[in-house]
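Computed from a predicted structure; not experimentally measured. All heavy atoms count here, side chains included; hydrogens, waters and symmetry mates do not. By convention in this document, chain letters (A, B, ...) are assigned in the order of the sequence lines, proteins followed by strands, and residues within each chain are numbered from 1.
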Protein chains: 2
Amino acid sequence: MKLQQLRYLSEIARQQLNLSKAAEALHTSQPGISRQIQLLEQELGVEIFIRNGKRITKITPPGQAILEIARRMLQDADNLRRVGEEFNDKESGSLVIATTHTQARYALPPIIKRFIERYPKIRLTLRQGSPTEISTWVASGEADLAIATEAIELFDELIMLPCYQWNRCIVVPPQHPLLEQEKLTLESLAQYTIITYDFAFTGRSKINQAFESRGLQPNVVLTAIDADVIKTYVEIGLGVGILAQMAFDPVRDKGLRAIDAAHLFEPSTTRIGISRSCYIRSYIYDFIEMFAPHLNTETIKQALVHPQRQEPA
Amino acid sequence: MKLQQLRYLSEIARQQLNLSKAAEALHTSQPGISRQIQLLEQELGVEIFIRNGKRITKITPPGQAILEIARRMLQDADNLRRVGEEFNDKESGSLVIATTHTQARYALPPIIKRFIERYPKIRLTLRQGSPTEISTWVASGEADLAIATEAIELFDELIMLPCYQWNRCIVVPPQHPLLEQEKLTLESLAQYTIITYDFAFTGRSKINQAFESRGLQPNVVLTAIDADVIKTYVEIGLGVGILAQMAFDPVRDKGLRAIDAAHLFEPSTTRIGISRSCYIRSYIYDFIEMFAPHLNTETIKQALVHPQRQEPA
DNA sequence: GCGATTTACGCATTTCGTAAACATC
DNA sequence: GATGTTTACGAAATGCGTAAATCGC
């Protein structure tokens, strides 16, 4: 059994069982891949793929089990290299952060600024996606950290650490009637057309919950995955926006007015997700601590070993 | 990076950093090992061993980290082979049970009888040791299951599943004064010399606790790791024995009398320990269920994924 | 017939074992 | 000098790429 064979196997699965694509992705020849997979199947005494004549159509059940273990081994192989890097030069390496628009645009910039000043030699990558996507990336080792509010998928592989809580605000154009109202209520809000986050993004479920618990049916005319889009449509008078407080900046958003809505919706918790099987280099601990100062190295290590669902601090 | 190199590394560590011994254990040549380790160090860019001239004296900190990951990879390699076996022939394979004397002698025999009737082709091995030893074996993959009462060491690697609870009894020679007593108390018991389990074995700590909570200091004249030794010395009049109820058989132990002591000591829980990173073949699930019927395959899988400390049923 | 996988074959690299040199105790 | 590690070198095995054959849609 060779690590190469496992690499081939993993790539074939990633390429929807297409040997040729896998060969291309790995910069090698198809026959080589074919051969090594056969050897692996022979050694394990199991058919990994179901072949229809010469076409690979499916993974067998044992193949699935093998694939999972193989992927973990490959990740460990990466981890070994990381250990090497870590002790060679603690200042260089790479960090891939998978996150949503809201975090990337409003929460992360100051942290990232500090981080690249502290670690100028580290190649930092931001990868933007939906909560589901970023969970997948971290679980598969394509990214090191997931940062998002809301339903980060609960992979057993992932440890979720609560970072901070935040509340919402309502944004409206200047001279909007809601600005006159003494204390904002859900009922008055429900009288207007609403623009807010797409489901599955940025704590949207808390918004739904709040309305539902009062028996209200909000008239959501547009859902977006980011606050900038929401603000744009509020500005042109399409409706009132509900968004994260941190996404409103009185200076930059001069054409809009914000109303605090902390009392209307449950606060949401932004979490950071790490893979349990990933070797965590010191600068990764540092990054997490910059983002959430209560998460120091020791705390994180504890959480990795005892992965009970982490509650908000 | 080759799996061979990791195998070499792991074996060197196991052989107290003796290359030659490692080579012998792996049926290969010393120079080969030496070379491959150098290549590995070169590839990772890290010194794994500290050398005093040409003698290997210690593992470096990065070496330690590398060793741990390497061991997990090797276990995964074993797991791959197991998956192969599992789907090839679910009836054959091997099962190594690490356990203590008490379990091996009194609790396991009927289970094992059933198991080998059901799976005649499986090579079953019983490996006897102290709770510490058996934990180590399972954590390192040398054994598949640990079965013991009492302080099985709490490796994070190990999941402990409660199987059953049991109580103690007192054994004395016939016509012993304690047999006349209406209801046995710790105070009366403390007046006699006592023979019981060695510390760290078979729930011994519960016995100490009971006496201590009453401020009594039992006069323990002999500690043994198994009930047979205890009974032998009770028989020759050295003292009264405290042992597990299951270890007393009125028929076989004709020369002794037992007195129930369930009210004197906290019941102990016998647990079964499995390694979180071990691929569990179907017959292993079956074995566990034979031993503790409430632990079915689903329950065990749950516990492996959510490894909160399992409480007695 | 086109796309995809397997078989065949020769080259290049790597690995391993023996022998010898070298270092430490 | 004994034990233990590294260096040197030749033989065997293995992996890889090109070319060709085979198969399925």
Side-chain angles (χ1 to χ4, degrees), chain A residues 1-60 62-63 66-67 70 73-74 77 80-81, chain B residues 1-60 62-63 66-67 70 73-74 77 80-81:
Chain A
M1 178 190 324
K2 307 268 147 44
L3 281 173
Q4 278 283 37
Q5 297 171 335
L6 305 183
R7 232 168 258 129
Y8 291 173
L9 172 60
S10 171
E11 189 59 33
I12 292 171
R14 186 194 309 278
Q15 303 286 352
Q16 286 90 46
L17 311 185
N18 186 321
L19 274 205
S20 317
K21 294 260 172 58
E24 197 176 346
L26 296 170
H27 311 293
T28 183
S29 67
Q30 293 121 341
I33 306 246
S34 177
R35 185 111 230 297
Q36 292 305 319
I37 293 296
Q38 286 172 31
L39 285 173
L40 182 61
E41 288 181 318
Q42 195 178 322
E43 179 174 352
L44 299 179
V46 165
E47 305 252 299
I48 295 175
F49 297 115
I50 296 176
R51 292 159 171 83
N52 203 344
K54 277 195 175 179
R55 205 143 300 211
I56 291 175
T57 56
K58 271 168 74 180
I59 303 193
T60 62
I66 289 169
L67 178 62
M73 290 179 72
L74 293 173
L80 283 184
R81 283 183 265 277
Chain B
M1 177 190 321
K2 308 266 150 39
L3 282 173
Q4 279 283 33
Q5 297 170 336
L6 306 183
R7 231 168 259 131
Y8 291 172
L9 171 61
S10 170
E11 189 61 32
I12 292 171
R14 186 196 309 278
Q15 303 287 351
Q16 285 89 45
L17 311 184
N18 186 320
L19 275 206
S20 318
K21 293 260 171 59
E24 197 176 348
L26 296 170
H27 310 294
T28 184
S29 67
Q30 293 121 338
I33 305 246
S34 177
R35 185 115 191 60
Q36 290 307 317
I37 293 296
Q38 286 172 31
L39 285 174
L40 182 62
E41 287 181 319
Q42 195 178 321
E43 180 175 353
L44 298 180
V46 165
E47 304 251 299
I48 295 174
F49 297 116
I50 295 174
R51 294 161 170 80
N52 201 342
K54 277 194 175 178
R55 207 144 294 212
I56 292 175
T57 56
K58 271 168 73 179
I59 303 194
T60 62
I66 289 168
L67 178 62
M73 290 179 71
L74 294 173
L80 283 184
R81 287 185 206 99

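The closest donor-acceptor contact from the side chain of A:Gln36 to the backbone of A:Gln5 lies at 3.5 Å or more, if one exists at all. Put simply, the side chain of B:Asn52 never gets that close to the backbone of B:Arg55: no donor and acceptor are under 3.5 Å apart.
Between A:Gln4 and the phosphate of D:dC16, there is a side-chain N or O to OP1/OP2 separation shorter than 4.0 Å. In this structure, A:Asn52 reaches the D:dC25 phosphate: one of its side-chain N or O atoms is under 4.0 Å from OP1 or OP2. For the pair B:Asn18 and D:dT5, the criterion of a side-chain N or O lying under 4.0 Å from OP1 or OP2 is met. Contact annotation: A:Tyr8 side-chain N/O to D:dC16 OP1/OP2 distance is under 4.0 Å. For the pair A:Ser34 and C:dT6, the criterion of a side-chain N or O lying under 4.0 Å from OP1 or OP2 is met. At the phosphate of D:dC16, OP1 or OP2 sits under 4.0 Å from a side-chain N or O atom of A:Gln36. OP1 or OP2 of C:dT5 sits under 4.0 Å from a side-chain N or O of A:Ser20. Proximity of B:Gln38 to the phosphate of D:dT7: a side-chain N or O atom is located under 4.0 Å from OP1 or OP2. Phosphate proximity of C:dC16 to B:Ser29: absent, as no side-chain N or O sits under 4.0 Å from OP1 or OP2.
Side chains of B:Glu24 and B:Ser20: no donor on one and acceptor on the other come within 3.5 Å.
Backbone-only contact: A:Gly53 has heavy atoms under 4.0 Å from sugar-phosphate atoms and none from a base. A:Phe49 comes within 4.0 angstrom of nothing in the nucleic acid, heavy atoms only. B:Ile12 comes within 4.0 angstrom of no nucleic acid atom, judged by non-hydrogen atoms across all strands. The residue A:Arg51 sits close only to the backbone: its heavy atoms come under 4.0 Å of sugar-phosphate atoms, none of a base.
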**Asked** Should B:Leu80 and A:Met73 be marked as a side-chain contact (heavy atoms from CB on, under 4.5 Å) after you check the CA-CA gap, both sets of side-chain angles, and the distance that decides it?
**Response** CA-CA 10 Å; B:Leu80 283 184; A:Met73 290 179 72; 3.9 Å; yes
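The pair B:Arg51-B:Glu41 meets the salt-bridge criterion, with a side-chain N (NZ, NE, NH1 or NH2) lying under 4.0 Å from an Asp/Glu carboxylate O. Electrostatic pairing of A:Glu11 and A:Arg14 counts as a salt bridge here, judged by a charged N lying under 4.0 Å from a carboxylate O.
Of the candidates C:dG3, C:dT6, D:dT5, D:dT5 carries the atom nearest the B:Lys54 side chain, counting heavy atoms from C-beta on. In the set C:dC16, C:dT6, D:dG24, the nucleotide with an atom closest to the side chain of A:Pro31 is C:dT6.
Remark: C1' of D:dG15 and CD of A:Gln30 are 17 Å apart, rounded to the nearest angstrom. Atom CG of B:Leu17 and atom P of C:dT24 are 17 Å apart (whole Å). Rounding to whole angstrom units, CD of residue A:Glu24 and P of C:dT5 are separated by 12 Å. With rounding to whole Å, B:Gln5 atom CD is found 11 Å from C:dT14 atom C1'. Distance CD1 (B:Ile56) to P (C:dC25): 13 Å, rounded to an integer number of Å. The distance from atom CD1 of A:Ile37 to atom P of C:dT7 is 14 Å, rounded to the nearest whole Å. Following rounding to the nearest Å, A:His27 (NE2) and D:dG17 (C1') show an atom-to-atom distance of 16 Å. Summarising the geometry, the separation between NZ on B:Lys2 and P on D:dA13 is reported as 18 Å, rounded to the nearest angstrom.
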